[in-house]
Protein chains: 2
Amino acid sequence: MTTRVGIREVAKAAGVSVTTVSHALNDATSFRVKAATQQLVRDVARDLGYAPNKMASGLRNQRSQILGLVSDEITTTPFAGAMIRGAQDAAYDRGYVVMVVNSGLDSELENREINMLRQHQVDGVVYARMYHQSVQVPAELEGLPTVLLDAVTNDRSISSVIPDEVGAAETAVEAIIQAGHSRIGMINNMDDIPATHGRREGFLNALRRHGLKHDPRHFVIGQAGTPGGREAGLGLLCQPDRPTALFCFSDRVAMGVYQAATALGLRIPEDVSIVGIDNLEIIADALWPGLTTVALPHYEMGRWAVNRILDDIENPGVPAAQTQLDCPLIERGSLGPPPS
Amino acid sequence: MTTRVGIREVAKAAGVSVTTVSHALNDATSFRVKAATQQLVRDVARDLGYAPNKMASGLRNQRSQILGLVSDEITTTPFAGAMIRGAQDAAYDRGYVVMVVNSGLDSELENREINMLRQHQVDGVVYARMYHQSVQVPAELEGLPTVLLDAVTNDRSISSVIPDEVGAAETAVEAIIQAGHSRIGMINNMDDIPATHGRREGFLNALRRHGLKHDPRHFVIGQAGTPGGREAGLGLLCQPDRPTALFCFSDRVAMGVYQAATALGLRIPEDVSIVGIDNLEIIADALWPGLTTVALPHYEMGRWAVNRILDDIENPGVPAAQTQLDCPLIERGSLGPPPS
DNA sequence: TTCCCTTTGCAAAACGTTTTGTTTCTGGTA
DNA sequence: TACCAGAAACAAAACGTTTTGCAAAGGGAA
């Protein structure tokens, strides 16, 4: 292993002082070095394979160029991957890098991990949740630029980015209506979280906008997972005046409805159309037929959060903002015209 | 925002020199400070909320306490989350923190990202793949402690950890045999990767060990995803002497077989038993009945990789090793006795 | 009391950058 | 020729730690 090449080696090789090298490489500092010299230094640096030591420069400028990303639970869904990738891509574009920590539900551990991030002098922290929810940000983050990802908090002083739940549901239900349905059911989640309320509201909005009646018997509330969807689906679809289309709280719920429909001998979408939310590809692509669904913009939220935090860092004092991102419809094959 | 409290503030508050503070806090350096003083210093440090600046200490000891984790694709499956969490947990336990970068399939980008990690002086790199495969490690990693995660390379000088593919398949097929089956089929993957060959070998091993004949018509090769499984499943299950149990290359393939079985009016497990590999909970838990499968130890591989790399760092010169981790059977409901 | 050893604490250097004076050089003007 | 302005390069300090080499203090033995 060759000994690391530092700025002094470059200086020596180029026959100039370290100051000149520094100026030549960070051309920011207004022209204190002749263009020719600058070029020379850069060539030498490249030839030597010089790479600046960010620990040293960070120490000097009090800026680590590192961002922290703390998340609750990252193993159960692929959403975490999308968020992390979005965050990391945005960070990379602006010369930053991301440190990921995750602590499950252990807030004691979370605090210690945030403390580690602080020790590494992270310039800011993205505080992420896997499911849109309301949180209280830990006191450990006090004084650090922070952005909430897929979460909101009472304290409006912290910027946050979340999916537009209402709009997502409206998009789904609009598509169902466009396909010609008028007897539309919904299977909602029973948890008291923003997603539950937002998607219900969007569902009702879309119906109202088209003058459709909302039949309370076609609106059921169940457990959020596949078994819950199966159960709710069985209940809904065995009714004689069953809905011709079902809007599901999530793709996993929709999978349960597929199972219910199959068990009842109903074909999708000929007998019943189904639309979900999440665009959980591993499920939506695998179902048969493919599940038409509304995508949650995890990747984009990750990007947005990092960009926002870097804006905050570079340009402090801009008031915090709560942002909602659009959720596009992803068409596969589970939405068709109603049976005649 | 209060001005950061450094070691000198602690020293002043405790009425000692910075040296003493340093010694008191890092008790490693053999007793140069009286026990009482040490206690005092520690109390003061805690009261002041002192947290050492790792950029400074890292610069001084040429050790950042940061590990890099570079992965190919982290958005499609939840496996990435498990690996990252395993890596991060292990790192945390030993006072390290993980920087995640991922570059999709763009090796140019990957190189630049590795270069960024180098600039941040990472002490080592975990080079991870989402699917067990053979790779060539980029030259950029030259000279950095590196461990391969879910990947192998011709160069035996780099340690790696992978799932025991052969053992995983044996576990699955043994379970099927224990349940009483003797006409057992397999749907394998068509890609030329270690997983394909290993699982085939394990399948054959288990059959041979129990003196069972291997009927070539019951061994089919298809696309790795759910559609491939569906297709292969349809072909296998409509044969008059169809197998009574099917071992699938992956849980996604198994999901396709569920669809095929349903389409053919076969019940699981009464008419046909199914076992997968992956323990992709989002699918295995959601299928109805739940899918009995063999778990790939992503979390454990993440832990193992980090621990190995930290061992290498603390104690260089230990020869590289290729490690295989066990894959436990996860029983749900898709494996039962054969139909009588 | 003196000497010497042990214990405890301190000052200073080093890690690899950036940046602020300050010096040296160049060439144009008086 | 002497002087000066401006351009170019440099030396040194600083960022917050750790660690080495020394000095001071304390205590036991002679």
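Everything quoted here is computed from the prediction, not taken from an experiment. Just the heavy atoms: all of them, side chains too, but no hydrogens, waters or symmetry mates, feed the values below. Proteins come first, then strands; the chains are lettered A, B, ... in the order of their sequence lines, and each starts at number 1.
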Starting at atom [atom1] of [X], determine the distance to atom [atom2] of [N], rounded to an integer number of angstrom.
| X | N | atom1 | atom2 | value |
| --- | --- | --- | --- | --- |
| Met55(B) | dG16(D) | CE | P | 9 Å |
| Lys54(B) | dG16(D) | NZ | P | 17 Å |
| Leu25(B) | dT19(D) | CG | P | 13 Å |
| Arg8(B) | dA12(C) | CZ | P | 13 Å |
| Gln119(A) | dT18(D) | CD | P | 11 Å |
| His23(A) | dG21(C) | NE2 | P | 13 Å |
| Gln65(A) | dT18(C) | CD | C1' | 13 Å |
| Asn61(B) | dT20(D) | CG | P | 11 Å |

Kindly say if [X] contacts the phosphate of [N], meaning a side-chain N or O under 4.0 Å from OP1 or OP2.
| X | N | answer |
| --- | --- | --- |
| Ser22(A) | dT17(C) | no |
| Gln62(A) | dG16(D) | yes |
| Tyr50(B) | dG16(D) | no |
| Thr20(B) | dC10(C) | yes |
| Ser57(B) | dT17(D) | no |

Discussion item. Pairing donors with acceptors under 3.5 angstrom, does anything connect the side chains of Tyr92(B) and Arg94(B)?
Written reply: no

Discussion item. Side chains of Arg303(A) and Tyr299(A) only: does a donor on one sit below 3.5 Å from an acceptor on the other?
Written reply: yes

Worksheet item: Between atom CD of Gln322(B) and atom CD1 of Ile162(B), what is the distance when rounded to the nearest 0.5 Å?
Response: 7.5 Å

Worksheet item: From Arg118(B) CZ over to Met116(B) CE, what is the distance, rounded to the nearest 0.5 angstrom?
Response: 14.0 Å

Worksheet item: Toward the 5' end of DNA chain D, which comes first, Ala56(B) or Thr19(B), by nearest nucleotide?
Response: Ala56(B)

Item to complete: Please lay out, stage by stage, how Gln88(B) and Tyr96(B) fare under the test side chain to side chain donor-acceptor pair (under 3.5 Å).
Response: CA-CA 8 Å; Gln88(B) 194 246 308; Tyr96(B) 279 71; over 6 Å; no

Worksheet item: If you take atom types as modelled and just measure distance, does the side chain of Arg60(A) reach the base of dT18(C) with a donor-acceptor pair under 3.5 Å?
Response: yes

Response to the item:
5'-most contact on DNA chain C (nearest-nucleotide basis), Leu59(A) vs Val18(B), goes to Val18(B)

Practice prompt. Counting heavy atoms from C-beta on, name the nucleotide in dT18(D), dC10(D), dG9(C) closest to the side chain of Ser17(B).
Written response: dG9(C)

